[in-house]
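Nothing here was measured: the structure is a model prediction, and the numbers come from that model.
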Amino acid sequence: DNATNCRILTLQTTRWGMQPRAASSAEQALAWLDAGEVFDAAVLDVHMPVMDGYTLLTKIRQRLSAAQLPVLILSSSGSGFDRSAGLGVTQTLSKPVKAAALQEAIHRLMERREAGLPSQPAPLAALVPAKPARLAEELPLRILLAEDNVVNQRVATLILNGLGYELQLAANGQEALDAVVQSIGEGKTVDVILMDVQMPVLDGLAATRELCSQYPSPVRPWIIAMTANALEGDREICLAAGMDDYISKPVRAAALVEGLRRAAAGLAQRRMR
């Protein structure tokens, strides 16, 4: 039921070549099953309003056996493990679940599922594109993310990693400034800064003004503002501070891709002057 956790899990499993469908409630999950939709596995959170994960699993087992739908449970550490007895739970994972642990659990789940089927299905690798096109191959950019919120950092990192990018992280505007200075000194200039507007120590607007005063346009990174306010006039305030572009939070993959395309084009024009 937690929208942020749901989005993070969706991004992670998509990156692994899966095709996730995220239900925001137990009722929605049951409606999909009753409509005849078929899934290879289910990941159920325990703590949900109205109908918790164990109640949902009980209702699922009235429809599908453990062989037909293997289930992973996500639970706060040590809570309610005894309620999974007899419900065909493949594994219970403690929250917050780490990506590597979830990936390994799903891998083991699919191995068990395939071993128990009368006929071997197509290998999982056949369902995943051999090498999905990645934006980083088309637009090789050095990216710095300046964001103090850990959840927002993780979401943006998942999106950018999925596009093929490795990125630097800064928790405030001062750290962003220091990272730019260091990158220039090492000859590995940052190309793009995704700059949160509201940060401690030094906010995004102040950090941008400092960058604009220190570095001429051809040397300065392309600065993309990120703000959750989305109020009329916010874009103008960001651009007036010297930022080059603006995207609203929560950051969406499509908006980020378009922003990086504009950044690559803008940088190319700058460096030709």
Notebook entry, point to check: Any idea which heavy atoms bring Arg7 and Ala253 closest together, and the distance?
Noted result: NH2-N, 4.4 Å
Margin query: Testing the basics here: between Leu56 and Ala26, what is the closest heavy-atom pair and its distance to 0.1 Å?
Written below: CD1-O, 3.7 Å
Next item on the list: Report the residues that fulfil salt bridge (Lys or Arg N to Asp or Glu O under 4.0 Å) with Glu27, sequence neighbours left out, ordered by chain and then residue number.
Entry: none
Check: Which distance, rounded to the nearest 0.5 Å, do you find between the CZ of Arg15 and the OG1 of Thr10?
Finding: 13.5 Å
Margin query: Would you say that more than 12 heavy atoms from the other residues, nucleotides or ligands in this model lie under 6.0 Å from the CD of Glu166, or not?
Written below: no
Next item on the list: With the side chain counted from C-beta on, respond yes when Arg252 and Pro250 share a heavy-atom pair under 4.5 Å apart, and no when they do not.
Entry: yes
Checklist line | side chain to side chain contact (heavy atoms under 4.5 Å, CB included), paired with Ile193, selected from Val180, Ile224, Thr208 | finding: Val180
Next item on the list: Please tell me if the side chains of Val251 and Met226 come closer than 4.5 Å, counting only heavy atoms from C-beta onward.
Entry: yes
Note to self: Which residue in the set Val192, Asn161, Leu144 passes side chain to side chain contact (heavy atoms under 4.5 Å, CB included) when paired with Leu167?
What the structure shows: Asn161
Item checked: Closest contact, heavy atoms only, Pro70 versus Asp40 -> CD-O, 3.2 Å
Notebook entry, point to check: What about Met199 and Val201, same hydrophobic cluster or not, with Ile/Leu/Val/Met/Phe/Trp/Tyr joined at side-chain heavy-atom distances under 4.5 Å?
Noted result: no
Notebook entry, point to check: Do side-chain atoms of Gln153 reach the backbone of Glu147 as a donor and acceptor pair under 3.5 angstrom?
Noted result: yes
Item checked: Worked check of side chain to side chain donor-acceptor pair (under 3.5 Å) between Asp178 and Gln182 -> CA-CA 6 Å; Asp178 294 342; Gln182 183 178 349; over 6 Å; no
Check: Which of these, Arg262, Arg270, Arg220, sits in a side-chain hydrogen bond (donor to acceptor under 3.5 Å, both in side chains) with Asp244?
Finding: Arg270
Next item on the list: Flag the pair Gln198 / Asp203 as yes when at least one side-chain heavy-atom distance between them is below 4.5 Å, and no otherwise.
Entry: no
Item checked: Heavy-atom check, side chain of Asn149 versus side chain of Lys249, under 4.5 Å -> no
Item checked: Separation of Leu194 CG from Leu160 CG (nearest 0.5 Å) -> 6.0 Å
Notebook entry, point to check: Are Phe39 and Val71 grouped together when hydrophobic residues (ILVMFWY) are joined by side-chain heavy atoms under 4.5 angstrom apart?
Noted result: yes
Check: Do the side chains of Leu57 and Val89 get nearer than 4.5 Å, heavy atoms only?
Finding: yes
Item checked: Backbone of Asn5 reached by a side-chain donor or acceptor of Asn2 within 3.5 Å -> yes
Check: Below 4.5 Å, heavy atoms only, C-beta onward: do Leu30 and Arg63 meet side chain to side chain?
Finding: yes
Next item on the list: Over all heavy atoms of both residues, which pair between Val197 and Cys238 is shortest? Give the atoms and the distance, please.
Entry: CG2-SG, 4.0 Å
Note to self: Keeping Arg61 on the side-chain end and Gly88 on the backbone end, is there a donor-acceptor pair under 3.5 Å?
What the structure shows: yes
Next item on the list: Look at the side-chain heavy atoms of Ile, Leu, Val, Met, Phe, Trp and Tyr, link any pair under 4.5 Å apart, and say whether Ile237 and Leu239 land in one connected group.
Entry: no
Next item on the list: Give a yes or no answer on whether the side chain of Gln68 reaches the backbone of Ser65 with a donor-acceptor pair at less than 3.5 Å.
Entry: yes
Note to self: As an exercise, state the distance from CG of Asp1 to CE of Met51, rounded to the nearest 0.5 Å.
What the structure shows: 13.0 Å
Next item on the list: Might you work through the side-chain contact (heavy atoms from CB on, under 4.5 Å) test for Arg154 and Gln12, ending with a clear yes or no?
Entry: CA-CA 11 Å; Arg154 190 177 179 197; Gln12 285 176 332; 2.9 Å; yes
Margin query: Would Val190 and Ile143 count as a side-chain contact (heavy atoms from CB on, under 4.5 Å) here? Give the steps.
Written below: CA-CA 6 Å; Val190 172; Ile143 300 174; over 6 Å; no
Next item on the list: Spell out, as yes or no, whether a donor-acceptor pair under 3.5 Å connects the side chain of Gln28 to the backbone of Ser24.
Entry: yes
Check: Given side chains that start at C-beta, do those of Leu93 and Leu102 come closer than 4.5 Å, heavy atoms only?
Finding: yes
Next item on the list: May I have the step-by-step check of side-chain contact (heavy atoms from CB on, under 4.5 Å) for Val50 and Ser25, ending in yes or no?
Entry: CA-CA 9 Å; Val50 185; Ser25 68; over 6 Å; no
Note to self: If I take atom CZ from residue Arg142 and atom CG from residue Asp191, how far apart are they, to the nearest 0.5 angstrom?
What the structure shows: 6.0 Å
Item checked: Nearest heavy-atom neighbours spanning Cys212 and Ala241 -> SG-O, 4.1 Å
Next item on the list: May I ask you to test the Leu11-Val155 pair for a side-chain heavy-atom distance under 4.5 Å?
Entry: yes
Next item on the list: Please report the shortest heavy-atom distance between Ala207 and Leu177, naming the atom on each side.
Entry: O-CD2, 3.6 Å
Notebook entry, point to check: Should Val181 and Leu211 be counted in the same cluster of Ile, Leu, Val, Met, Phe, Trp and Tyr side chains packed under 4.5 Å apart?
Noted result: yes
Item checked: hydrophobic_cluster_shared for Leu169 and Leu158, side chain cutoff 4.5 Å -> yes
Next item on the list: Drop me the distance from Asp245's CG to Glu258's CD, to the nearest 0.5 angstrom.
Entry: 10.5 Å
Checklist line | side-chain contact (heavy atoms from CB on, under 4.5 Å) assessment of Trp222 paired with Leu141 | finding: CA-CA 10 Å; Trp222 187 270; Leu141 299 167; over 6 Å; no
Checklist line | Straight-line distance of Asp45 CG to Cys6 SG, nearest 0.5 Å | finding: 9.5 Å
